[in-house]
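So that the names make sense, note that chain A is the first sequence line, chain B the second, and so on, each numbered from 1.
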Amino acid sequence: MAYWLMKSEPGEYSIDDLERDGVEPWDGIRNYQVRNMIRDTMQVGDQAIFYHSSCKVPGAVGTMEIVSEAYPDPTQFDANDKHFDAKSDPENPRWLLRDVKFLSKFERTVTLKELKAHPGLEDFQLNKRGNRLSIFPVSDKQWKIILGLA
DNA sequence: GCCAACGTTGGC
DNA sequence: GCCAACGTTGGC
């Protein structure tokens with residue numbers, strides 16, 4: 001089983017929203033590198049850290065499980081959606097998503113600041129300069145460290 | 001709101 | 001295929 005980190009702006013969709021919904025399609029991916037990873041590398045049963053980005057206290061807030069194969073993101077065909085993509089062909093959809101299931105909410109936010117300062121996380125992608133991918137892999141070691149902090 | 005980083009677009 | 005312009009991400 002592999003581990004991931006998945007970012008969401010809590011103003012758009014937070015860990016509390018996922019706890020309430022249980023299972024949710026993780027839509028809005030509009031980056032080819034990320035799309036390729038969720039299509040080709042991610043597996044049903046993988047687990048992911050839920051990360052709050054672009055907010056007052058950015059950080060890891062909980063965990064979830066990947067519970068579906070990749071399938072077309074319906075928001076790409078919805079002209080009223082902010083993720084609408086007029087160039088995506090319905091016969092060959094450009095953007096995919098997977099369903100995720102709530103597993104846990106941390107007692108507290110493990111902040112970006114802590115993650116940056118923690119020994120053993122020097123290679124963590126979140127801490128790398130220019131990191132902008134909304135989903136990326138997390139190693140077993142990194143996963144254990146972060147859950148240990150929660 | 002600012003800005004660095006980097007992806008995408010489109011003219012040539 | 002190059003590259004300038006533009007858009008987006010995301011921390012601060």
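If you measure from atom CG of A:Asn36 to atom C1' of B:dG7, you get 14 Å, rounded to the nearest angstrom. The distance between atom CZ of A:Arg30 and atom C1' of C:dT8, rounded to the nearest whole Å, is 14 Å. Across the protein-nucleic acid pair, A:Asn31 atom CG and B:dC6 atom P stand 13 Å apart, rounded to whole Å. The CZ-C1' distance, from A:Phe84 to C:dT8, rounds to 19 Å in whole Å. Atom CD1 in A:Ile135 sits about 13 Å away from atom P in C:dT9, given to the nearest Å. Rounded to whole Å, atom C1' of B:dC6 lies 16 Å from atom CZ of A:Phe136. Atom CD of A:Gln33 and atom C1' of C:dT9 are 14 Å apart (whole Å). Counting to the nearest Å, the P atom of C:dC12 and the CD atom of A:Glu9 are 15 Å from each other.
A donor-acceptor contact closer than 3.5 angstrom links the side chains of A:Asp85 and A:Trp95. Between the side chains of A:Gln76 and A:Ser88, a donor-acceptor pair is found at a separation under 3.5 Å.
OP1 or OP2 of C:dC12 has at least one side-chain nitrogen or oxygen of A:Lys116 nearer than 4.0 Å. Within the structure, every side-chain polar atom (N or O) of A:Tyr32 is placed at least 4.0 Å from both OP1 and OP2 of B:dC6. OP1 or OP2 of B:dG10 has at least one side-chain nitrogen or oxygen of A:Lys87 nearer than 4.0 Å. Note on A:Lys7: every side-chain N or O is 4.0 Å or more away from OP1 and OP2 of C:dT9.
Classification of A:Lys105 and A:Asp16 as a salt-bridged pair holds, one side-chain N sitting under 4.0 Å from a carboxylate O.
Between A:Gly28 and A:Lys113, the one whose closest nucleotide on DNA chain C sits nearer the 5' end is A:Gly28.
For the salt bridge (charged side-chain N to carboxylate O under 4.0 Å, His left out) condition, the pairs that include at least one residue of residues 28-47 of chain A, sequence neighbours left out, are A:Arg30-A:Asp73.
Residue side chain A:Arg132 reaches the base of C:dT8 through a donor-acceptor N/O pair under 3.5 Å, judged by distance alone.
In this structure, the side chain of A:Thr109 does not engage the main chain of A:Thr111 through any donor-acceptor pair within 3.5 Å.
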